[in-house]
Amino acid sequence: MSETSNTAAAAVEPSVTFADFGLAPEILRALSDQGYVHPTPIQAQAIPVVLQGRDVMGAAQTGTGKTAGFSLPIIQLLLAHANSSMSPARHPVRALVLTPTRELAVQVADNVKAYAQHTPLRSTVVFGGMDMKGQTTILKGGVEIVIATPGRLLDHIEQKNVSLAQVQMLVMDEADRMLDMGFLPDLQRIINLLPKKRQNLMFSATFSPEIKKLANSFLQQPVLIEVARSNATADKVTQIVYKVEDEQKRDVVEFLIRQRELKQVIVFSNTKIGASRLSRHLEQTGIKASAIHGDKTQQERMAALDAFKRGDIEVLVATDVAARGLDISDLPCVINFDLPYNAEDYVHRIGRTGRAGASGDALSVYSDKDERLLADIEKLIKQSITRGELNGFVVRGRGRDAERGERGPRSERGERGERSERGPRRSDGERNERSERGPRSYGAGALPRREKVDPWFLKPYEPSNSAPRQDSNPGTGAAPAKPKQKIAALLGGLPKQAQ
DNA sequence: AAAAAAC
């Protein structure tokens, strides 16, 4: 929904409104229902071009208002060319939107449904991981607009649940992602089933040679719409990286969440198992968290996303399933628990914050072995990322002797402890004992006893040592690895098992 | 080296 936020556009072209595009009253009503008046830059560019019937190659990330940029004119065109004599039972598919991930399909579909709510147009979403029956019933009942992930759509086509013979408009959303995910053969199979004469819209966050090739083969004299520089990070996003020991990463993530009192944050993990573990850890320390990744059932994925959007959970720990496309409004912060292997994924991940003109923070933790990944990222975004210091970071004792509470950076926030009533899962039964003793502060307790780690007694990290930054990494402009050295020193003679 | 997507 934030995709149609007018903040960014208002700064650019305050005078332009959706009404200026000659959109149908039903569409304008739907927009005003949601309080949207001014188009974002990409909407201002895309809507007139799509209305002209031109093919479009759009370089835009999610959060720029892309979805409304194509769905509003699609609805308008379908309405304008509606065959009024058509019986309600016969609603052939006339617009098809393909997306790489299921969650993105759902979001696009939600937006389309909202924009078309006052029109007779029907839309539906089709994606895997769910029973086919409900989708089949709706498809057979007839819909003008289908939003789908490719695999399941082909499944429905093979089962003759849907025909694409009447499709006039095709949208390939997040086309770069679809290529990355190996959807090209599926895309080709689907496109072969479409009428030759149709309008094509392709959106991609990046402009790789492969994307250009895809555009050349599928689009006809496309109008190029480019809103953000490709591969550029939103300048509204403050980026900080923290160098720590590997085994500290999860504690630092927890610390950052508490220190900044983050109530809506996505934490990215490179692995599904890592996401689950981190989520469980955060839950055990009283932070409302859920994991979302490809090994979760579709029900779990949707439940986690819904809970996050509702604010029932504060932290969504995600793999790159959520890196692109997820439109979660007004995310103030994203955290990388792992630096992504693919530098481009970094851009997509941090694109979840600083959306639609708002500012945001992108925080990353990394360890010595990730220096190369960080260098790749900085090379891609053509800027050096601020090296952060973990002021006030205290790793508390992990044993029963550890003192806690009175010194911790969040020691005053005893109310955190109450959250643990939600508590660890049943299988973690014995870990409940500490939380039942009442409020506790950051870092204490509720740790799985399988942790054979020795107690870590760390003092607060003093900012006083942060003075000269240029000596450690000469030439790169990068800041030295001070935080890590400091913490390593504080760790004393503990065995390091990293690498 | 890992993630996503059809059954």
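Since the model is a prediction, treat every value here as computed from it, not as a measurement. Chain naming here is simple, since letters A, B, ... match the order of the sequence lines and numbering starts at 1 in each.
With distances taken from any side-chain atom of A:Val321 to the nucleotides B:dA1, B:dA5, B:dA6, the minimum falls on B:dA5. Out of B:dA2, B:dA4, B:dA6, the shortest distance to the side chain of A:Tyr341 is found at B:dA2. Looking at the side chain of A:Arg189, the nearest of the listed nucleotides B:dA6, B:dA5, B:dA1 is B:dA6. Of the candidate nucleotides B:dA6, B:dA4, B:dA2, B:dA2 has the atom lying nearest to any side-chain atom of A:Thr271. If you check B:dA6, B:dA1, B:dA5 against the side chain of A:Glu103, the one that comes closest is B:dA5.
A salt bridge links A:Arg349 to A:Asp320: one of the charged nitrogens lies within less than 4.0 Å of a carboxylate oxygen. Here A:Glu314 does not pair with A:Arg260 in a salt bridge; the nearest charged N to carboxylate O distance is not below 4.0 Å. Between A:Arg177 and A:Asp345 a salt bridge is recorded (basic side-chain N to carboxylate O distance below 4.0 Å).
One can place CZ of A:Arg349 at 10 Å from C1' of B:dA3, the figure rounded to the nearest angstrom. We find that CD of A:Glu174 is positioned 13 Å from P of B:dA5, with the value rounded to whole Å. Look at NZ on A:Lys133: it is 18 Å from C1' on B:dA6, rounded to the nearest Å. Summarising the geometry, the separation between CE on A:Met178 and P on B:dA6 is reported as 12 Å, rounded to the nearest angstrom. When rounded to the nearest whole Å, the span between CG of A:Leu339 and P of B:dA2 equals 16 Å. Per the geometry, CZ belonging to A:Phe183 stands 5 Å off P belonging to B:dA6, to the nearest Å. Atoms CE (A:Met181) and C1' (B:dA6) sit 12 Å apart, rounded to a whole Å. Atoms NZ (A:Lys272) and C1' (B:dA1) sit 13 Å apart, rounded to a whole Å.
Nucleic acid contact class of A:Gly182 (heavy atoms, under 4.0 Å, all strands): none.
Contact between the side-chain N/O atoms of A:Arg177 and the OP1/OP2 oxygens of B:dA4 is not found at any separation under 4.0 Å. Of the side-chain N and O atoms in A:Thr319, one or more sit less than 4.0 angstrom from OP1 or OP2 of B:dA4. Between B:dA1 and A:Arg372, no contact under 4.0 Å exists linking OP1 or OP2 to a side-chain N or O.
A:Gln239 and A:Tyr346 share a donor-acceptor pair across their side chains, judged by distance under 3.5 Å alone.
The aromatic rings of A:Phe393 and A:Phe255 lie perpendicular to each other, with more than 60° between the two planes, well past the 30° mark.
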